[in-house]
Protein chains: 2
Amino acid sequence: MVAQAAGVSPSTVSRLLNGTARVSPEKRATIEVAIEALGFVVNPVASGLAGGRSRCIGVITQALSSPFYGNALLGIEDVLIGANYAPLFVSGHWRPRDEQRCINSLLSRRVDGLIILTPSLPDAELLALARRLPLVVTGRQLTGPGLCSLDFDNHAGAYLATEHLIRLGHRRIAFIKGTASHPDATDRLRGYKAALKAHGIAFDPALTVPGKFIEEGGEQATEHLLASGTAFTAMLAANDQMAYGAALALYRRGLRIPDDVALVGFDDLLGSSYTLPPLTSVRHPIQEIGRQAARAVTALIQGQVCEMQAPAPSLIVRDSCGAAPSVRVSHPV
Amino acid sequence: MVAQAAGVSPSTVSRLLNGTARVSPEKRATIEVAIEALGFVVNPVASGLAGGRSRCIGVITQALSSPFYGNALLGIEDVLIGANYAPLFVSGHWRPRDEQRCINSLLSRRVDGLIILTPSLPDAELLALARRLPLVVTGRQLTGPGLCSLDFDNHAGAYLATEHLIRLGHRRIAFIKGTASHPDATDRLRGYKAALKAHGIAFDPALTVPGKFIEEGGEQATEHLLASGTAFTAMLAANDQMAYGAALALYRRGLRIPDDVALVGFDDLLGSSYTLPPLTSVRHPIQEIGRQAARAVTALIQGQVCEMQAPAPSLIVRDSCGAAPSVRVSHPV
DNA sequence: GCCTGTCGTGAAAGCGCTTTCATAGTTGTG
DNA sequence: CACAACTATGAAAGCGCTTTCACGACAGGC
């Protein structure tokens, strides 16, 4: 340790740097001068080895390039850097095997905590993992020792969106429900059904179609629906990307939004302010959820119990349902 | 070291694990059995400390949530994991100060190499950095020891797009040029000018407007242009996100794409297949560039000189210029 | 059959920190 | 004023690996 050359023992320097114990003001000054002079920076690798903690948080996302998860990462990064932790981003690609590989890799790197965005691993595995190190998961309700979960109210969001369409007079509302295995998909479907029921509209299975949670999925689902001949006047997509795909499919058929079909998305991606027409969508403040998740791990690491509350969903009304005033829409943060 | 308990010396185990030297088949077998039995996994932190290399590559992107850079990260991740390196993603937010902070942080983490996507730091700094460790940069032409750059031909791309519009009969082609300080912006502007010149069209400064490289920038630039009263029949945006913004601004003014104004973007983001109408755009295979960058660092680390060639630009013609057949467009990879 | 080369292996010295443990110095209390 | 209770500091023992160095074993060449 270089700073030792300038007066005192390595232990004292270490203590000063980590705030482990009090150091007399004189020594403190001497050390600080020496550090400055030598341009010393700690080696996190060495301190990780010696101290057993790395000041790193592993963050497992599902798709590094997803516009949705990207914003979560932004929020996480921001908070973590502020708390002097370094995020380690890896992507699990929705595959439990990849996710497990990521976890093992992060574990071997001795991360101090883990954030998994919508894990694909079963609850039991996550609970077991949480026993090894602080864990925060999103998109799932789960409680246990060393575990904190942050679940967005997908049911309420879908309810809101469906009700909006109903209030506009729509009765035949199609729903692109996403991938069946995805927990968000099932919750959103429940919300859709609940809203229909609350307004006395019978649920018609022919109006719900599955689709992969990307543009192409929405496009294919819509083509499928159109080909089936089922009549509908409005569509709700379980995420914005599928809504974009749906819009394209409608466009190719010569159907206009909102005149022929009203369209609502889910997530309110940044790009949804810029579709033609701008898309009405359920706001899912994923960046804020990212921030909360980051705060939760740091709390967990300090041994605090954490009780996080995901922000409530809200509906951002734009032009795609024909009822919005066609004024300038302010951009989401 | 645990595996030592099962027969031989730690050195031998280390040699086997790293392939540093030959190990007799018998010992090899014994060790492998022991490793299996003990469920041993190496501790990268310790080996990083001891060996001086971490098998980590620092990757500095500018925006973690950007749909454009996100794809680059995907390509990088894929190749790096295949080469048994772990990527460390951080974002510089276009700010030289943040970028420098990221570099320092990665350096202190003892990364074995660095990839910087369109750095905002000056050439001299990068050259100096490359003397410290293998460095790959994109979006800039730079050569030096330990340095490899990968520059996309923005000039040719813009030329291609402009020429396409000219061939369709447009003479008054507006250009949203992006942020003046961004190197991509200036190259694309040059390409635009060159194409005009080659076709005997005088360059009209009133037709080029700046704009931040995001949707909002394109929107504001277009509003500005429309307000100025300058006549034009086509627009070229220096990236797709600005093209999306431009499309919205035109839409709000009641101008139709492609009937009233033809629109061409740049980058060919995934979403550009799904805008209404689907956007004609210059294909910028950023994911492939990411892969190449990743290959380049690993080559550089092994002391090889690298001579990478970024893929040539091409124009993906969709519906936004009115000349495309309105058939189903295949999705980009 | 002696000497030089090559090969597989073990011992041991770190890599740059953290952290017990021990020590000297200081203050407090009956 | 002696004894306990702190406090600030140093010495030294690792954290879990890599790597140099040295050593014995065996091969080939004169």
Side-chain angles (χ1 to χ4, degrees), chain A residues 1-35 37-56 84-86 104-112 132-133 301, chain B residues 1-35 37-56 84-86 104-112 132-133 301:
Chain A
M1 197 167 174
V2 234
Q4 165 193 20
V8 296
S9 84
S11 351
T12 310
V13 179
S14 170
R15 282 190 269 255
L16 174 63
L17 257 31
N18 299 294
T20 318
R22 250 173 317 190
V23 180
S24 74
E26 326 149 24
K27 302 232 173 206
R28 170 186 300 266
T30 325
I31 294 172
E32 278 169 355
V33 166
I35 286 179
L38 277 68
F40 172 78
V41 286
V42 294
N43 179 338
V45 182
S47 69
L49 217 213
R53 49 203 131 53
S54 56
R55 294 213 72 86
C56 277
N84 197 22
Y85 276 96
N104 291 337
S105 151
L106 290 170
L107 242 34
S108 80
R109 285 215 137 64
R110 302 294 190 274
V111 293
D112 295 342
R132 303 242 274 134
L133 86 175
I301 289 172
Chain B
M1 196 166 171
V2 234
Q4 163 193 22
V8 296
S9 84
S11 352
T12 310
V13 180
S14 170
R15 281 190 269 256
L16 173 63
L17 256 31
N18 300 295
T20 317
R22 253 172 316 192
V23 181
S24 74
E26 324 150 24
K27 302 235 172 203
R28 171 184 300 265
T30 324
I31 294 172
E32 279 169 354
V33 167
I35 286 178
L38 277 68
F40 172 78
V41 285
V42 293
N43 178 338
V45 181
S47 69
L49 216 213
R53 53 206 128 51
S54 55
R55 294 213 73 86
C56 277
N84 196 24
Y85 276 96
N104 291 337
S105 150
L106 291 169
L107 241 35
S108 79
R109 285 214 137 66
R110 302 293 189 274
V111 293
D112 295 343
R132 303 242 273 137
L133 86 175
I301 289 172

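Quick caveat, the model's predicted, so the values are computed rather than measured. Here is the naming used below: chain letters follow the sequence lines, and residue numbers restart at 1 for every chain.
Among C/dT20, C/dT9, D/dG16, the nucleotide with an atom closest to any side-chain atom of A/R15 is C/dT20. Among the nucleotides D/dG16, C/dC7, D/dA8, the one closest to the side chain of B/A46 is D/dG16. Proximity note for A/S14 (side chain, C-beta onward) versus C/dT19, C/dT9, D/dT18: the nearest is C/dT19. The A/S9 side chain lies nearest to D/dG10 when the options are D/dC17, C/dC17, D/dG10.
For the pair B/L49 CG and C/dT18 C1', the computed distance is 12 Å after rounding to whole Å. Atoms CD1 (A/I31) and C1' (D/dA8) sit 12 Å apart, rounded to a whole Å. Distance CD1 (B/I35) to P (D/dC17): 10 Å, rounded to an integer number of Å. B/N43 has its CG atom 14 Å from the C1' atom of D/dG14, to the nearest Å. One atom, CG of B/L16, and another, C1' of D/dT18, lie 14 Å apart when rounded to the nearest Å. Per the geometry, CD belonging to B/E26 stands 14 Å off C1' belonging to D/dA25, to the nearest Å. Atom-to-atom, CZ of A/R53 to C1' of C/dC17 comes out at 11 Å; the value is rounded to the nearest Å. Atom CZ of A/F40 is separated from atom C1' of C/dG16 by 8 Å (rounded to the nearest Å).
Nearest-nucleotide positions on DNA chain C for B/G51 and B/V8 put B/V8 closer to the 5' end.
Annotation for A/R110 and A/S54: closest pair O-OG, 2.6 Å, computed over non-hydrogen atoms. The two residues A/S108 and B/P44 have their closest heavy-atom pair at O-CD, 3.0 Å.
Here A/S24 reaches the OP1 or OP2 of D/dT9: one of its side-chain N or O atoms lies under 4.0 Å away. Under 4.0 angstrom from either OP1 or OP2 of C/dG8 there lies no side-chain N or O belonging to B/T12. OP1 or OP2 of C/dG10 lies within a sub-4.0 Å distance of a side-chain N or O belonging to B/K27. For D/dC17, neither phosphate oxygen OP1 nor OP2 lies less than 4.0 angstrom from any side-chain nitrogen or oxygen of B/S47.
Between the side chain of A/S11 and the base of D/dA11 there is at least one donor-acceptor pair of N/O atoms closer than 3.5 Å. Between the side chain of A/R110 and the base of D/dG16, no donor-acceptor pair of N or O atoms lies under 3.5 Å.
The shortest distance between side-chain heavy atoms of A/L17 and A/I35 falls below 4.5 Å.
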Kindly indicate, with the supporting measurements, whether the criterion side-chain contact (heavy atoms from CB on, under 4.5 Å) is fulfilled by B/N104 and A/V41. CA-CA 9 Å; B/N104 291 337; A/V41 286; over 6 Å; no

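The closest donor-acceptor contact from the side chain of A/R55 to the backbone of A/N84 lies under 3.5 Å.
B/V23 comes within 4.0 angstrom of sugar-phosphate atoms only, judged by non-hydrogen atoms across all strands, and of no base.
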